[in-house]
Structure formats: structure tokens, C-alpha cells
Undergrad: 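Starting off with a structure, shown below.
The analysis underlying the following values was restricted to heavy atoms, covering all of them including side chains, and did not include hydrogens, waters or symmetry mates.
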Amino acid sequence: MRRTCVTVNVAGGFGVIGNGTITVKHRFRRMVLARKTQLRTHRARWVFTLFLALAALPAAAAGQQRVPQSLSLDQALEIALRNNPTMQATRNDVRVANWNLTAAYGSWLPTASLSSGVGWQGVGEQRFGSITAEQLGFGDQPSFLSSNYSASVGFSLNGRMLMAPGQARRNRDATRAQVRSQEAAIRLNLTRAYLEVLRQTESLRLAEQELERAQLNLRLAQGQQEIGSGNTIDVHQAEVAVGRAEVDQLRSRTGVQTSRVRLLQQMGVDLSAEPELVTAFTVTEPDWTADGLYAMAFGRNPGLEAARAREKASSFGVHMARSSYFPSVSVGAGYSGFTRQASNTRSQEAQAIAAGVGAVQQCRSLNQLLSGLPNPPAPQDCSLLVTSQATLDAIREQNRGFPFDFTNSPPSASLSISIPIFQGLSRQQQVEGARAQLFDARFQVQEQELALRADIETRVAEVRTAYETSLIEERNQALADEQLRLAQERYRLGLLNFIALSEAVTVKARADRDRLFAIYIYHDAVANLEAVVGIPLRNP
């Protein structure tokens, strides 16, 4: 009899075979094992992917801000002031200064403390000075458990504590001034980096133009050679000029890339971004005067503001030093309790029983003595003096205080007033040291003001010189352009040799680069002047 077997295919579908052999079980088992292996592989891949995602979470959370594709100078400054690591580290000092001021006010508040503890003392011979417990009749001492608590409130006030908030506030003002000074440094460095990218971009444009001119001259030399007016030397010289122009173009591209990386570094963002700089800088005739700029800078220069803030902090430091002559007041109160529990009460019970036996014996001796009198009184009932079971139960009950059945100690309170009279001239030494710091701070302010005046004078002169230089270089550029045009035309007509044409090309390239250099020297000078004054002086 021929049997048919159904073969199940996990991948899809089923088939009917009639080979008469039982192959379903083995084939199905292999498919199931393969499916399980595939599922485990997928599961492992999902786990690995999830692990990588979780590992990347901190980096994604700490990722830098996205740089816009079109980046203006104001946007770059805003991003830098928010993301620059140096700027963030400087701002952290303000947070510390704020907490210093809060802590200075907090020193005026009373202090409170609550403490508790437990202890254990093992079995052994205790010593009280040179006498042991056994010598005092307290042998066979058990182990003890103990617990205690204490609560205290205190308040103290002195001159330094009174002056501390004022000192902390002035130190905070000095820290904030330092932050503004750092912001000004970030603005100057970022503006320079922004200008450097623009300068390198313009340099690349000039390099591309020089390459086009060199290629044009090569074609002219080749054309002159074809018609018989030129020679091979002119063609080779033109080819060398093309090669040099290609090298200059390559260097200019590298300069653009490196300057862009430096700009992104100043901004504190991802260095792989490639934003397009959209802020245009124009050369305008400066109409600033040194006196007018000094009037503005006197109240806005970040360095001068920081120096003045340090002077104020040093001035208050003198008052802080003098506060050591003031008296101090301290008030305190405390409350405490304790428990002590022995591991057993056999010793106490034995002492109580022994005391009862002694009392009975004394009572009997007294009755016997009184009975010999002519009119003896009624004898006492000595059995009442025997230690009762209630007394023993009370001893056991009193030993059950651990850990919370405290025996309260008497409360305490104190008030003290301390008036310093003589401390070896150390206080006056602190005062004189604070005065010296104050004088140093004042001299630094004066030095900063003189330096500010000198910087403005020199920066204004540099801006004017850079502006006039840019005008001259603009005129030179126009003349070099005209000279090159005429030289190319004369060479085309055969009226000029290739050496003269190369010289005209060199003069044109030098004029272009000198013009570019003069323009950005002007913008750098204006940026330096703005950093000294403390406010923007131009609208890019």
C-alpha cells in the first residue's frame, strides 16, 4: 500500500509527495531548528542595536546645537556665547558666587543638630581610676546595651558674619564683571574668526581668477606658437604659471577649510558643519573721535568694569578685616537622654536579696537588744524586710529600657559674650593687608584707565590708516587690471613678449591680494576698536 506524506514548509506553502518514506519529521525538525536559529539571530541583532542606541543617548543628549545653513555674525555670536566651553566655565563661577551670597546670609540663622547612637559593652572587669569594680563589690558584671540621643540649638553672631553678605555681594559683582569681560573676548575672537573665513574665501576666489588668467595666457602662448610668433619657451613658462596657480588654489581651499573649523571651534558646535557666511562687511570712512570713544568706553569697557568691581570688593574687604575688633555673642540650648540595659539582672537581684537578708539580721539583733530593757517595746516583724518578688520584678522591669525608653537628662542653656582685647596684633595685620589690596586695586583701575585711553588713541589711528591704505590699494588694483588688459592685447598682437606679460600678471595678482589684505586689515582694526570700547561701532 502506497502512503502519501504531507511535507510542511515553514517558509511558505506545503507539498504532497508520494515516495512512501517518512521524511516529514526530519525535514520539519530541521526547518524548526533553522527558524529558531534565525529568530535568535534577529533577537541578538535587535539587542545589539538597542545597546548601541542606549550608548549613543548621552552623546545625543550632549550634542551641540545645529548650525544654520546661512550663518550671520550675530547668529554665530549668539551660538558661541551659549555653547563655547570657556564661556560656560566662566558662567559657572557666577553660580558659585550666588551660593556664596546665600550662604553668607544663611550664617545669620541659628544652627540645629540632632544625634543618636547605640552601644554595647561586653563582659569584663571595669576600672574606675585605680580601683576595679570587683574591689567595690560589683563583681560578675554582665554585658550592657545602651542608646542615647541629644538635640541642640545654637546661634552665634560676630562682626565678620555681619559683614559677610556685603563682601559676598561685591565678590559676585566682580565675578559677573569677569563674565562680561570673557564675553567681550569671545566676541572679539569670534569676529576675527568670522572675518578670517571671509578673507580665505575671497583669497580662494582670487586664486581661481589667477588660474583662469594663467590658463588664458597659456592659450595665448600656444596660439602665438601655432602662428609662428611665439616659441616653446613661452608655452613652458605659461604651463609653469598654470601649475603655480593650481597650487595657490589648493592652498586657498585648505585655508578656507581650516578657518571654517576654527570658527566652529569658537562657536562650540560640530566641526563638520559647512555654513554659508552671509554677513557682508563694507569699508566705510571712520568718523569716530578718540574723545568720543573714550567717553563711551569709560562706562562700557569690560576690563575696566571688572577692575572697578575688584576695587569695590577690596574696599569692603577692609571693613571685613576691621570687624575682627567687634564682640561676638553665642547662645545655645541642649536636651539629651539615655538608656542602659544589662544582658541579665542576676547581679542586681543578688544585691537586693543580700540587702534584704542584712536588714532582717539587723532587725532581729535590734529586737533581741530591746528585749533586755525593763519595759521592752513590741518587737518588729522582721519578715517584712525580706526582699519580695515584687522588688525583683521591678528590677527586671527597669532593665527593659533599651532602645527607646530614654531617661531624660536635665536641659541646658548657655549665653556667652566675647570681647577681643589683644590678639598679638594679628587683627591689625589683617587690616593692613586688606588696605594694601585696596590700594593695589585702585592702582589697577588707574592703570586700566590709562591703558584704555592709549588703546583708543592707537586703535583709532590704526583704523584710519587701514582705511586710507584700502583706498590706495583699490586704486592700485584698478591700474594693475588695466595694465594686464593692455599687456594681453599687445601680446596677442605680437607687440609684447611673454616675460612682460608674466610681469603684468604678477603685478595684477599682487595688487588683488594687497587689496584683499588691506580690506581685512581694516575690518580687524575696527573689531579691535570695538573690543576696547565695549560696544559695536558698525552695522555689518
Side-chain angles (χ1 to χ4, degrees), residues 73-98 100-101 167-196 262-263 265-268 279 286 288-317 437-438 440-463 523-540:
L73 177 61
D74 292 337
Q75 290 175 328
L77 288 173
E78 181 182 356
I79 295 174
L81 292 177
R82 184 168 54 251
N83 293 344
N84 185 272
T86 304
M87 192 70 255
Q88 293 177 356
T90 307
R91 287 199 180 101
N92 286 336
D93 297 338
V94 177
R95 184 179 304 173
V96 176
N98 289 332
N100 289 339
L101 178 58
Q167 181 70 50
R169 185 180 298 108
R170 284 156 180 79
N171 289 338
R172 184 186 62 177
D173 294 340
T175 303
R176 288 177 175 175
Q178 186 64 34
V179 171
R180 290 191 292 270
S181 179
Q182 183 64 36
E183 289 178 353
I186 293 294
R187 290 178 183 275
L188 175 60
N189 294 334
L190 186 70
T191 302
R192 287 176 175 174
Y194 196 95
L195 289 171
E196 180 63 17
R262 293 301 181 186
L263 173 62
Q265 178 188 6
Q266 290 288 333
M267 295 170 59
T279 299
W288 309 300
T289 62
D291 293 335
L293 292 177
Y294 182 75
M296 289 188 293
F298 191 78
R300 295 175 179 266
N301 181 266
L304 184 57
E305 287 184 355
R308 289 171 178 166
R310 289 192 295 267
E311 180 190 5
K312 292 180 180 179
S314 299
S315 177
F316 205 86
Q437 292 181 0
L438 173 60
D440 291 344
R442 288 177 178 174
F443 292 145
Q444 290 176 1
V445 171
Q446 295 176 6
E447 181 183 5
Q448 191 76 21
E449 292 175 353
L450 292 174
L452 179 62
R453 184 73 183 187
D455 289 343
I456 289 178
E457 292 284 351
T458 56
R459 295 288 190 271
V460 170
E462 290 173 357
V463 171
H523 292 310
D524 287 339
V526 174
N528 294 333
L529 181 59
E530 290 176 341
V532 172
V533 176
I535 58 174
L537 300 175
R538 58 185 172 182
N539 294 320

Undergrad: So which heavy atom on L77 is nearest to which on R187, and how close?
TA: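 Here L77 and R187 meet closest at CD2-CA, 3.7 Å.
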
Undergrad: Quick check: does any side chain N or O of S315 sit under 3.5 Å from a backbone N or O of E311, one acting as donor and the other as acceptor?
TA: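 Checked: no pair found.
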
Undergrad: Tell me, do R310 and R442 make a side-chain contact under 4.5 Å, heavy atoms counted?
TA: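 Not touching, per the 4.5 Å side-chain cut-off.
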
Undergrad: So do the side chains of L190 and M267 get within less than 4.5 Å of each other, counting heavy atoms only?
TA: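 In short, these two side chains touch, coming nearer than 4.5 Å.
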
Undergrad: Looking only at heavy atoms, what is the nearest atom pair of A80 and Q266, with distance?
TA: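 Closest approach of A80 to Q266: CB-O, 3.7 Å.
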
Undergrad: Which residues satisfy the side chain to side chain contact (heavy atoms under 4.5 Å, CB included) test with D93, sequence neighbours excluded?
TA: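 Residues passing side chain to side chain contact (heavy atoms under 4.5 Å, CB included) with D93: T175.
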
Undergrad: Can you give me the closest heavy-atom contact between E457 and A290, atom names plus distance?
TA: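 Distance-wise, the nearest heavy atoms are OE2-CB, 3.5 Å.
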
Undergrad: Within a strict 4.5 Å, meaning less than it, do heavy atoms of the N301 and Y294 side chains meet?
TA: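 They are not in contact (no side-chain heavy atoms under 4.5 Å apart), so the answer is no.
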
Undergrad: Working to the nearest 0.5 Å, report the span between CG of N528 and OG1 of T191.
TA: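 Going from CG on N528 over to OG1 on T191, the span is 10.0 Å.
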
Undergrad: Return the CD to CG distance between E196 and L263, rounded to the nearest 0.5 Å.
TA: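 Between atom CD of E196 and atom CG of L263 there are 10.5 Å.
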
Undergrad: Hey, does the Lys NZ or Arg CZ of R308 hover above the aromatic six-ring of F298, less than 6.0 Å from the centre and inside 45° of the axis?
TA: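 Yes; both conditions hold, so R308 lies above the ring face of F298.
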
Undergrad: Would you say R300 has more than 12 foreign heavy atoms packed within less than 6.0 Å of its CZ?
TA: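 No, not enclosed.
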
Undergrad: Closest heavy-atom contact between V463 and W288?
TA: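 Heavy-atom minimum between the residues: CG1-CZ3, 3.9 Å.
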
Undergrad: Could you tell me which non-hydrogen atom of P302 sits nearest to which non-hydrogen atom of G534, and how far apart they are?
TA: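 Taking every non-hydrogen atom into account, CD-CA, 4.1 Å.
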
Undergrad: Using atom types as modelled and distance alone, determine if a side-chain donor or acceptor of S181 lies under 3.5 Å from a backbone N or O of A177.
TA: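 Answer holds: no.
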
Undergrad: Test E530 against every option in L537, L293, L188 by the side chain to side chain contact (heavy atoms under 4.5 Å, CB included) rule and name the one that passes.
TA: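 Of the listed residues L537, L293, L188, the side chain to side chain contact (heavy atoms under 4.5 Å, CB included) partner of E530 is L537.
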
Undergrad: Distance from F316 atom CZ to D173 atom CG, nearest 0.5 Å?
TA: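 One finds 11.5 Å between CZ of F316 and CG of D173.
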
Undergrad: For M296 versus I535, what's the shortest heavy-atom pair and its separation?
TA: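 So the two residues come closest at SD-CD1, 3.7 Å.
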
Undergrad: Got a sec, which residues hit side chain to side chain donor-acceptor pair (under 3.5 Å) with R169, two or more places apart in sequence or on another chain?
TA: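 Applying side chain to side chain donor-acceptor pair (under 3.5 Å) to R169 gives Y105.
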
Undergrad: Side chains of R176 and N98: does their closest heavy-atom pair fall under 4.5 Å?
TA: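 Yes, at least one pair of side-chain atoms sits under 4.5 Å.
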
Undergrad: Any side-chain heavy-atom pair from T279 and Q75 closer than 4.5 angstrom?
TA: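 The answer is no; the side chains never approach within 4.5 Å.
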
Undergrad: Begin from the C-alpha positions of E305 and R180 and carry the test salt bridge (charged side-chain N to carboxylate O under 4.0 Å, His left out) through to its verdict.
TA: CA-CA 9 Å; E305 287 184 355; R180 290 191 292 270; 3.2 Å; yes

Undergrad: Using a 3.5 Å distance criterion without hydrogens, assess whether the side chain of E183 forms a donor-acceptor pair with backbone atoms of L81.
TA: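 Judged by distance alone, no pair lies under 3.5 Å.
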
Undergrad: What's the spacing between R459 CZ and I456 CD1 if we round to 0.5 Å?
TA: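 That separation rounds to 10.0 Å.
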
Undergrad: Which value, rounded to the nearest 0.5 Å, describes the distance between N84 atom CG and I186 atom CD1?
TA: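 Interatomic distance, N84 CG to I186 CD1, rounded to 0.5 Å: 3.5 Å.
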
Undergrad: How about Q88 and R91: does a side-chain donor come under 3.5 Å of a side-chain acceptor?
TA: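 Checked: Q88/R91 side chains show no N/O donor-acceptor pair below 3.5 Å.
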
Undergrad: Hey, does the side chain of Q182 reach the backbone of M87 with a donor-acceptor pair shorter than 3.5 angstrom?
TA: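 It does not hold such a pair.
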
Undergrad: For D440 and Q444: C-alpha separation, side-chain torsions, deciding distance, then whether side-chain hydrogen bond (donor to acceptor under 3.5 Å, both in side chains) applies.
TA: CA-CA 6 Å; D440 291 344; Q444 290 176 1; over 6 Å; no

Undergrad: How far apart are the C-alpha atoms of E78 and R82, what are their side-chain angles, what is the distance that settles it, and do they pass the salt bridge (charged side-chain N to carboxylate O under 4.0 Å, His left out) test?
TA: CA-CA 6 Å; E78 181 182 356; R82 184 168 54 251; 3.7 Å; yes

